[in-house]
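Below you'll find the structure, written out as structure tokens, and then a few comments.
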Number of protein chains: 2
Amino acid sequence: MFSKACEYAIRASTYIALKSLEGTRVSLKEIAEKIDSPVAFTAKVLQQLSKNNIVDSVKGATGGFQISTQNISNIKLAQIVYAIDGNNVYEGCGLGLKKCNANEPCPVHDKFVQIRADLKNMLENTSLYDMTIGLEEGLTSLRR
Amino acid sequence: MFSKACEYAIRASTYIALKSLEGTRVSLKEIAEKIDSPVAFTAKVLQQLSKNNIVDSVKGATGGFQISTQNISNIKLAQIVYAIDGNNVYEGCGLGLKKCNANEPCPVHDKFVQIRADLKNMLENTSLYDMTIGLEEGLTSLRR
DNA sequence: ATTAAATAGGATAAAATTGTCCTATTTATA
DNA sequence: TATAAATAGGACAATTTTATCCTATTTAAT
Ligand code: FES
Ligand code: FES
């Protein structure tokens with residue numbers, strides 16, 4: 001469904017959001033540990049998220065990653081997926097034709113666009129804040 | 001969503017089904033041409049489909065691939081996807097956790113399982129015969 | 001029998017994705 | 001000012017996926 005990079009991106013952003021709500025900035029090292037991801041690879045993903053203004057990075061000692069309270073509410077999973085995996089999830093053909101096109105549809109087009117729309121809808125309506133709910137209480141998890 | 005191999009598998013099976021309904025067997029070369037896929041790679045995919053009894057292969061001159069009328073009705077996309085991509089589509093976690101598990105869910109679990117169920121449902125209820133409807137008349141396409 | 005056309009399958013190669021390592025830069029603090 | 005801790009980013013390595021090439025085998029038809 002999503003690339004590994006994108007899975008890490010969502011999990012990392014969620015963890016950063018959680019800690020930002022608690023008022024603390026988090027280091028790459030801590031993030032990778034808490035979401036169980038390879039450190040250096042996660043660094044690349046975070047760089048991309050930073051460039052896309054999805055997370056804020058602070059350099060230097062005591063630096064780290066954070067997300068503003070406003071952005072925690074405003075940023076949706078759809079933006080993260082788009083930043084890392086591009087628009088294939090939203091516009092790609094289920095059977096791999098170059099362009100999904102209702103005018104010359106593949107045999108699964110009608111059924112596929114519905115599922116894709118549901119997925120898109122879910123991603124567009126799930127904020128980072130939504131993602132953090134239940135995390136602190138251990139009702140949901142970012143590792144294992 | 002699906003691997004390239006799986007996309008080719010679905011398109012190839014659909015084309016073979018179409019021609020089998022017309023009573024003719026088709027060669028690898030013709031298949032690759034009609035679904036716009038790399039010949040040798042498609043051969044590997046067809047080998048796998050043959051091993052999984054999704055398509056029948058006939059060796060030798062005048063040989064080729066075909067699917068029995070019964071199987072055209074009975075074989076569902078779900079079987080093809082499973083044969084090529086395994087069960088990740090059906091059982092994998094949306095955020096890449098090792099196991100999707102309702103007892104220790106990731107933050108998107110509840111929403112994700114629904115979408116996954118819809119997809120699974122669609123794949124389990126779409127037969128190769130369904131896939132061929134509209135193809136002959138050009139209402140749907142396997143290339144472009 | 002020979003030939004030609006087809007699939008089967010092993011060995012590689014190319015490309016994309018995933019992952020690692022090292023150095024540069026930034027910045028708080030001692 | 002020196003140091004230590006942090007991100008940024010370039011270069012590279014490993015793995016997986018995708019694609020190609022070549023040979024063996026099968027089989028219909030001449
Ligand atoms: S053309 Fe294939 S999903 Fe739209
Ligand atoms: S645990 Fe992530 S989708 Fe079920």
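Throughout, protein chains are lettered first and strands after them, A, B, ... in sequence-line order, and every chain is numbered starting at 1. Given the structure is predicted, the values throughout are model-derived calculations rather than measurements.
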side-chain contact (heavy atoms from CB on, under 4.5 Å) test vs A:I80 passes for just one of A:D85, A:N52, A:L128, namely A:L128

Atom CG of A:D56 and atom P of C:dT26 are separated, to the nearest Å, by 18 Å

To the nearest angstrom, the CZ-P distance between A:F41 and D:dT16 comes to 14 Å

When rounded to whole Å, the CG to P distance for the pair B:N88 and D:dT16 reads 14 Å

Atom CD of A:Q66 and atom C1' of D:dA6 are separated, to the nearest Å, by 13 Å

Is there a donor-acceptor pair under 3.5 Å between the side chain of B:T126 and the backbone N or O of B:L123? no

Taken to the nearest whole Å, CG/A:L28 to P/C:dC22 is 16 Å

From CG of A:L49 across to P of D:dA8 the rounded distance in Å is 11 Å

Are any side-chain N or O atoms of A:R144 and backbone N or O atoms of B:L97, one a donor and one an acceptor, separated by less than 3.5 Å? no

Whole-Å distance, B:F65 CZ to D:dT26 P, equals 16 Å

Please evaluate residues B:S73 and B:S127 with respect to the criterion side-chain hydrogen bond (donor to acceptor under 3.5 Å, both in side chains), reporting the C-alpha separation (whole Å), side-chain torsions for both, the decisive distance (0.1 Å), and the verdict. CA-CA 6 Å; B:S73 297; B:S127 69; over 6 Å; no

Sorted by position of nearest nucleotide on DNA chain C, 5' first, the leading residue of A:T62 and B:Q47 is B:Q47

Among D:dT20, C:dA8, C:dG19, the one nearest any side-chain atom of B:A40 is D:dT20

Per atom distances to the B:A61 side chain, the nearest of D:dA8, C:dA4, C:dC21 is C:dA4

Considering only heavy side-chain atoms of B:S27, the closest of D:dA19, C:dA6, D:dT7 is C:dA6

Item checked: Evaluation steps, side chain to side chain contact (heavy atoms under 4.5 Å, CB included), between B:M1 and A:N88 -> CA-CA 9 Å; B:M1 178 85 41; A:N88 203 53; over 6 Å; no

*Using a heavy-atom cut-off of under 4.0 Å over every strand shown, decide if A:V58 touches base, sugar-phosphate, or nothing.*
sugar-phosphate

Separation of C:dA16 atom P from A:D85 atom CG, nearest Å, is 15 Å

| said: For D:dG9, does the base pair up with any side-chain atom of A:K51 as donor and acceptor (N or O, under 3.5 Å, distance only)? | reply: no

Among C:dT7, D:dT20, D:dT18, the one nearest any side-chain atom of B:P38 is D:dT20

Looking across every strand, which nucleic acid part, if any, lies under 4.0 Å from B:G63 by heavy atom: base, sugar-phosphate, or nothing?
sugar-phosphate

Between D:dA19 and B:Y8, is there an OP1 or OP2 to side-chain N/O distance shorter than 4.0 Å?
-> yes

Applying a 4.0 Å non-hydrogen cut-off, can you work out what B:K44 is touching in the nucleic acid: base, sugar-phosphate, or nothing? base

